[in-house]
Each structure stands twice: as structure tokens, then as C-alpha cells.
Novice: 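Dumping the structure here so I can ask a few things about it.
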Protein chains: 2
Amino acid sequence: MGRWVPGARGRLQRAAMELYAERGFEQTTVAEIAARAGVTERTFFRHFADKREVLFAGQEQLSELVVGALTDAPADLSPLDAAARAVEASAELFGERPDGPRARQAIIDAHPDLRERELIKLEGLAAVIAEGLLRRGVPTAAATLAASSAVAVFRMGFERWITDDGDDRGLEELIREALAELRAVTR
Amino acid sequence: MGRWVPGARGRLQRAAMELYAERGFEQTTVAEIAARAGVTERTFFRHFADKREVLFAGQEQLSELVVGALTDAPADLSPLDAAARAVEASAELFGERPDGPRARQAIIDAHPDLRERELIKLEGLAAVIAEGLLRRGVPTAAATLAASSAVAVFRMGFERWITDDGDDRGLEELIREALAELRAVTR
DNA sequence: CGCCTTCATGTCAGTCGCTGTCATCACTAG
DNA sequence: CTAGTGATGACAGCGACTGACATGAAGGCG
């Protein structure tokens, strides 16, 4: 390590989450985040592309995890089932307690700029799922539609997971439930 | 009208489209757009919330049109069919020639910031469709899933419409085709 | 015809997100 | 001990966006 205190990236993430939660996203300055983390504003932008990205750091891991699950999924699964299986695997990343994800989601939902960023991240997730389906021999159109359906199902399961307090079911089960509902709707 | 030349809003839209197409979105300054339109930078921000919004002016009309079509759709249609019928109605707004929409889409696809904005607009479209389905008595979950499915189907139809040059089919037919493919995938 | 309200615009100052550039300094390989 | 590496600080600068105030034409009204 250097003269600097290590873990600047993590401190920036925590500081940003705290401040966004306290004062709101727009009312928070990057300089303030940096100050709380004990670094310079410039350092913030060396770790995160912009003021929003600090909230979406785990996205790469999520994509890798989901793509891995898709690759490992049984070859005889239908495209949609394989894609759904893939997004179910995300439960491994989120853990059992929805508290953390719920707090983060509350921040995101509170500001359109952050929702935009979330949407393009989900779009990216759908893109890598579609790509994985293509590698399974699924035609382009079917891959695209199955991927976006899987993401829709994931979103619904995720929202229920962080919303319902009396509901003790896990993220995976809620995603499977949403998938069943999607099938009922498209029937 | 006043001392000012009327139609500032329209001139700003045209100027922005031209400049975004010529130099790209990021390389274009709001001051440049305003100058080409013969107004001040400040006036730009009086007409459009930000530099991106100038490309998404027709979104309100689209939502209204789609919601109207959803309201008018036969009551015995399934939620998904009604939602699909609604997005099909968008063809009325886009006209027959995909040239204009294609040019606009090329600009949007060229920059992530614009794609973000497009995604949140589509999300808004899905939201109003879901709302319309709720008014039809569709349960929340089914309404949400049907709406997002309809938007996915719309996107696929739209992309084919502006892409395929030898394909003379209209937007409506391409959307119906995508819907059939979605049904095949979710089967 | 002249006054007054309205409203789109111009002007100006200022904040903040974000970037390029160069210096600094601890750590590390040789 | 020296040169290189890598994360950081310091600083100047651009451009997006906002708030406040001034301006001048259009239209209503006496």
C-alpha cells in the first residue's frame, strides 16, 4: 500500500450511499462524497465514471454470475427457462436479507437520473443473456425476447423480494412465481 | 406573435437533430444548437428540460395515442392482446416511411446518454399501458408483465421496421409478428 | 388611441459535473 | 541505492443547467 489509506473505492461507495440517503441524490455534491471518504473529488472520478455509477458497482459481477448460470443450465431447457434459471442465480449475489438491496433501491427509485442508469444496466443484462442464448443455438429474435422476458420476470421477483416484509420466500422462488405469471399472461 | 420569430421550439428540434447527426451528440454544444435556431442557450432550456429531451418531444403524443387505443380495444381481448393492439396503434404516429424515425434512432443508438433517456421513455410507456390494463380490471402483476411484454414486442417490431429495407411490411404487421414470436418463446 | 398585463425571450452571474495535465510520494523491482 | 509504477493531490478549464432580473411585442380594455 501507499501513503494513502487503502480502500478508497469502498469508502466512496459507502459515503455516497449515506449522503444520497440523507440528503438525496441531487442535493449531494461529489465534493462532499469525496470529503467524507477522505479523498479528493478527482479521485472519485478515477474510481467511478460519474456521480451515478457509484451505486452500480456490482453490476459486472451480476452479469458474470448470470451468464455463468446460463452457460451451466441444462441444454434441454427452453430458451425462456434457461434465461429464467440464469436470473434466479442472481440470488446468490444478493444474499438472504433484502435490507441492503432495499435501501439501495429506495435511493435509485427516488431520482429519475438513477432510474435511467438502472434501466440501461438491466438492458445490458438482457443483452448478455441474449448473447448467451445465441451461443446455445437460439435464433436471434427468440433470444432477444426470452432475455427481455427473463429480465422482466427478474424485476418483478426482485421488487416483491424487497417489498413484502411478511413474505419469507427467497428471491429465487419469487422469480419462478413471476415466470409462471408471465406464462399465464402470454398464454 | 412577438418580436421574436415564432416556432423557436421546432427550430431548436431541427437544429439539434442536424447537429447531433453531423458532429455527434457529445460534440454538440447547447449554445451551438441555440445559435443555429437563432435563439439563446437559455431559451433552449426553457423549451427542453435538458440536452437530450429535445430528441424525445413526441413521447407524450405517443403515450396518449397508445393509451387511447388501449381504452378503445375490445373488452374481450386478453391483457397481452389488448396491450399489443395498443402499441400497434403507434404506427399511426410514425407514418408509413421509416426514414425519419430511422435517422432519429441512429442518433439515439450512437450515444449511451440518449439510450438511457429512450429506455426511461419506454418504461414510462409501459407504465401507462399497465395503468390502462388495471382500469380494465387486470390484476397488477399481469398488467405489469403484459405491458412490459407489449413494449418488448413493440421494440422488436420497430427495430425491424426501420432496419429491413427490402421488407415492405408495415409497423403494425411487424409488431404482430413479434408478438407471435413472443408467444412461441413463452410457450 | 394609450395604458397595462402577459409572456417569450435576452442577459448575466453562478454552481456543479466532469476532464486534462502535471506534480507528488510511497512502494517495489533490480 | 536507484529507477519505475501506481494511486493520489492540485489546478485550470469547459459545458450543462439554474435563478433572477430586464426587455419588448401582443393583446385586452377603457
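Side chains included, hydrogens not; waters and symmetry mates left out as well; all remaining heavy atoms used. Order of the sequence lines fixes the chain letters, A, B, ..., with proteins taken first and strands second; residue numbering starts at 1 for each chain.
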Novice: Whole-Å distance between dA8(C) C1' and L12(B) CG?
Specialist: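 Between C1' of dA8(C) and CG of L12(B): 12 Å.
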Novice: Of the nucleotides dA16(D), dG10(C), dC18(C), which has the atom closest to the D50(A) side chain?
Specialist: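 The closest nucleotide is dC18(C).
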Novice: Would you kindly give the CZ-to-P distance between F44(B) and dT11(C), to the nearest whole Å?
Specialist: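 About 18 Å, once rounded to whole Å.
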Novice: Grab the CD1-P distance between I33(A) and dC16(C) for me, whole Å please.
Specialist: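 Value for this atom pair: 13 Å.
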Novice: So which nucleotide from dC18(C), dT9(C), dT18(D) ends up closest to the side chain of R42(B)?
Specialist: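 For R42(B), the side-chain atoms sit closest to dT18(D).
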Novice: Can you measure from CZ (F94(B)) to CD1 (I162(B)) and round to the nearest 0.5 angstrom?
Specialist: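 So the CZ of F94(B) and the CD1 of I162(B) are separated by 9.5 Å.
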Novice: Between V30(A) and G7(B), which residue's closest nucleotide on DNA chain C lies nearer the 5′ terminus?
Specialist: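 Nearer the 5' end of the strand: G7(B).
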Novice: Rounded to the nearest angstrom, tell me the gap between atom CD in E53(A) and atom P in dT19(C).
Specialist: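 Atom-to-atom, E53(A) to dT19(C), this comes out as 12 Å.
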Novice: Check every atom of dG9(D), dC21(D), dA16(D) against the side chain of R46(B) and return the nucleotide holding the closest atom.
Specialist: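 From the listed options, dC21(D) comes nearest.
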Novice: For A49(B) and E41(A), find the nucleotide of DNA chain D closest to each by heavy atoms; which residue's nucleotide sits nearer the 5' end?
Specialist: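 Its nearest nucleotide being more 5', the pick is E41(A).
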Novice: Distance check needed: dC16(C) P versus E26(A) CD, whole Å only.
Specialist: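 Roughly 12 Å, once rounded to whole Å.
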Novice: For F48(A) and dA7(D), what is the distance between atoms CZ and P respectively, to the nearest whole Å?
Specialist: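 It works out to 14 Å between those atoms.
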Novice: Before accepting this row, confirm whether a basic side-chain N of the pair R46(A)/E41(A) lies closer than 4.0 Å to the acidic partner's carboxylate O.
Specialist: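 Answer for the salt bridge query: no.
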Novice: Between E53(B) and K121(B), is the closest basic N to carboxylate O distance under 4.0 Å?
Specialist: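 A salt bridge is present here (some side-chain N lies under 4.0 Å from a carboxylate O).
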Novice: Scan A8(B) against the nucleic acid and name what it touches under 4.0 Å (heavy atoms): base, sugar-phosphate only, or nothing.
Specialist: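 A8(B): backbone/sugar contact only, no base atoms under 4.0 Å.
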Novice: Does T43(A) put a side-chain nitrogen or oxygen below 4.0 Å from OP1 or OP2 of dA7(D)?
Specialist: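 The answer is no; no side-chain N or O of T43(A) sits under 4.0 Å from OP1 or OP2.
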Novice: Got a salt bridge between E118(A) and R52(A), using NZ or NE/NH1/NH2 to carboxylate O under 4.0 Å?
Specialist: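 Judged by the 4.0 Å cut-off on N to carboxylate O distance, E118(A) and R52(A) do not form a salt bridge.
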Novice: With a cut-off of less than 4.0 Å, is there a side-chain N or O of H47(A) near OP1 or OP2 of dA7(D)?
Specialist: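 Checking H47(A) against dA7(D): no side-chain N or O falls below 4.0 Å of OP1 or OP2.
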Novice: In whole angstrom, give the distance that lies between atom CG of L19(B) and atom P of dA16(D).
Specialist: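 It is 12 Å, rounded to the nearest whole Å.
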Novice: Charged N to carboxylate O below 4.0 Å: is that the case for D72(A) and R85(A)?
Specialist: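 Salt bridge between D72(A) and R85(A), a charged N being under 4.0 Å from a carboxylate O: no.
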Novice: In whole angstroms, how far is the C1' atom of dG17(C) from the OH atom of Y20(A)?
Specialist: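 Nearest whole value for this atom pair: 11 Å.
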Novice: For the side chain of T40(A), starting at C-beta, report the closest nucleotide among dA10(D), dG17(C), dT9(C).
Specialist: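 Side chain of T40(A) sits closest to dA10(D).
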